[in-house]
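Let me begin by presenting the structure, written as structure tokens, before commenting on it.
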Amino acid sequence: MIAPGRVMLALLAAGQSRRFGAADKLSAELCGMPLALHAVASLAPIAFLDRVAIVSATAVDFAAHGYRCLTNPAPEAGLSGSVQLAAGAAREMGAAALLIVLADMPYITPALIAGLLGAAERPADVIAASDGTRPSPPALFGAARYAELMAATGDAGARALLRTGQHIVAPPGTLIDIDMPADLAAAQARFDAIRGAARRSD
């Protein structure tokens, strides 16, 4: 297990969101607040060593929520540029591990993050969430992996490393990300259904 106070959180929020259209996806409203702030709210209770948001053009004010913002100057080059910035920041901070989370995943829970941290034992560990068929972020990388992350290229990011790591199966639906307007509408419908069920049970 690794304590959150030894881990740097990197929230990746610099994607171009081509499938979403011209709108700022991370600012799009979901249940009354910007999409990206759902992940921010879920992660807020966890006492990380540091919080960094890798950004490009979004209007979401991550700094107002306790994040240091690092600008990815070339988001068109793919996810790897953001991964490189995150790993470099973690190395400079002296973090024992780096937790990478995508800002467009509104269902991430503290329990899932606790599971990732709880599975870490060595500086070379890679612990990734999984839907039972493939690994994905959120993912934890021990400090011994920073050099590999900083050498990542293209849009695959750390995908190859994720495949080699330990996989923690997340509850169904937890790893859904929002790529298109239809995904956002489905997410809103899901939240509405959950709230409706909660009201009926009261």
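What you see below is based on every heavy atom in this structure, not just the backbone, and it leaves out hydrogens, waters and symmetry mates.
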Just distance, no hydrogens or angles: give the donor-acceptor pairs under 3.5 Å from side chains in residues 160-171, sequence neighbours left out.
residue : atom : partner : partner atom : Å
Thr164  : OG1  : Leu161  : O            : 2.7
His167  : NE2  : Leu162  : O            : 2.8
His167  : NE2  : Gly165  : O            : 3.3

Table please: side-chain donor-acceptor pairs of residues 97-105 below 3.5 Å, with sequence neighbours left out.
residue : atom : partner : partner atom : Å
Asp104  : OD2  : Lys25   : NZ           : 2.8

List, one per line, each side-chain donor-acceptor pair under 3.5 Å for residues 2-11, sequence neighbours excluded.
none

Indicate every side-chain donor-acceptor pair of residues 81-89 with a distance under 3.5 Å to a residue at least two apart or in another chain.
residue : atom : partner : partner atom : Å
Ser82   : OG   : Asn72   : ND2          : 3.0
Gln84   : NE2  : Ala152  : O            : 2.4

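Residues Pro75 and Ser56 approach most closely at CG-CB, 3.9 Å, considering heavy atoms. Pro110 approaches Ile46 most closely through the heavy-atom pair CA-CD1, 4.2 Å. When all heavy atoms of Pro135 and Ala128 are compared, the closest pair comes out as CB-CB, 4.0 Å. Of all heavy-atom pairs spanning Tyr146 and Phe141, the tightest one is CE2-O, 3.8 Å.
Here the straight-line distance linking atom OG of Ser80 with atom CZ of Arg159 works out to 9.0 Å at 0.5 Å rounding. The structure places CG of Leu117 at 6.0 Å from CZ of Phe48, a figure rounded to the nearest 0.5 Å. Here the CG-OG distance, from Leu175 to Ser136, works out to 4.5 Å after rounding to the nearest 0.5 Å. One finds the CZ atom of Arg122 at 9.5 Å from the CZ atom of Arg145 (value rounded to the nearest 0.5 Å). In this structure, the separation between OG1 on Thr58 and CG on Leu26 is 4.5 Å, given to the nearest 0.5 Å. Within the model, atoms CD1 of Ile127 and CG of Leu116 stand 7.5 Å from one another, a figure rounded to the nearest 0.5 Å.
Among residues at least two apart or in separate chains, there is no ring pair (Phe, Tyr, Trp, His ring centres under 6.0 Å) pair with a member in residues 67-92.
No side-chain heavy atom of Ile54 sits less than 4.5 Å from a side-chain heavy atom of Phe62. Counting heavy atoms from C-beta outward, Val60 and Leu37 have side chains that approach closer than 4.5 Å. Side-chain contact check for Glu29 versus Pro34: every heavy-atom pair is 4.5 Å or farther apart. Between Met33 and His38, some side-chain heavy-atom pair lies under the 4.5 Å cut-off. In this structure the side chain of Leu35 never reaches within 4.5 angstrom of the side chain of Ser27, judged on heavy atoms. No side-chain heavy atom of Leu140 sits under 4.5 Å from any side-chain heavy atom of Asp125.
Leu30 and Tyr107 fall within the same hydrophobic cluster, where Ile, Leu, Val, Met, Phe, Trp and Tyr residues are linked whenever their side-chain heavy atoms come under 4.5 Å apart, directly or through other members. Linking ILVMFWY residues whenever their side-chain heavy atoms come closer than 4.5 Å, directly or via other members, leaves Leu70 and Met150 in distinct clusters.
Asp50 meets the side-chain hydrogen bond (donor to acceptor under 3.5 Å, both in side chains) test with Arg68; sequence neighbours excluded.
Judged by distance alone, with hydrogens and angles left aside, the side-chain atoms of Asp183 form no donor-acceptor pair with the main-chain N or O of Ala186 at under 3.5 Å.
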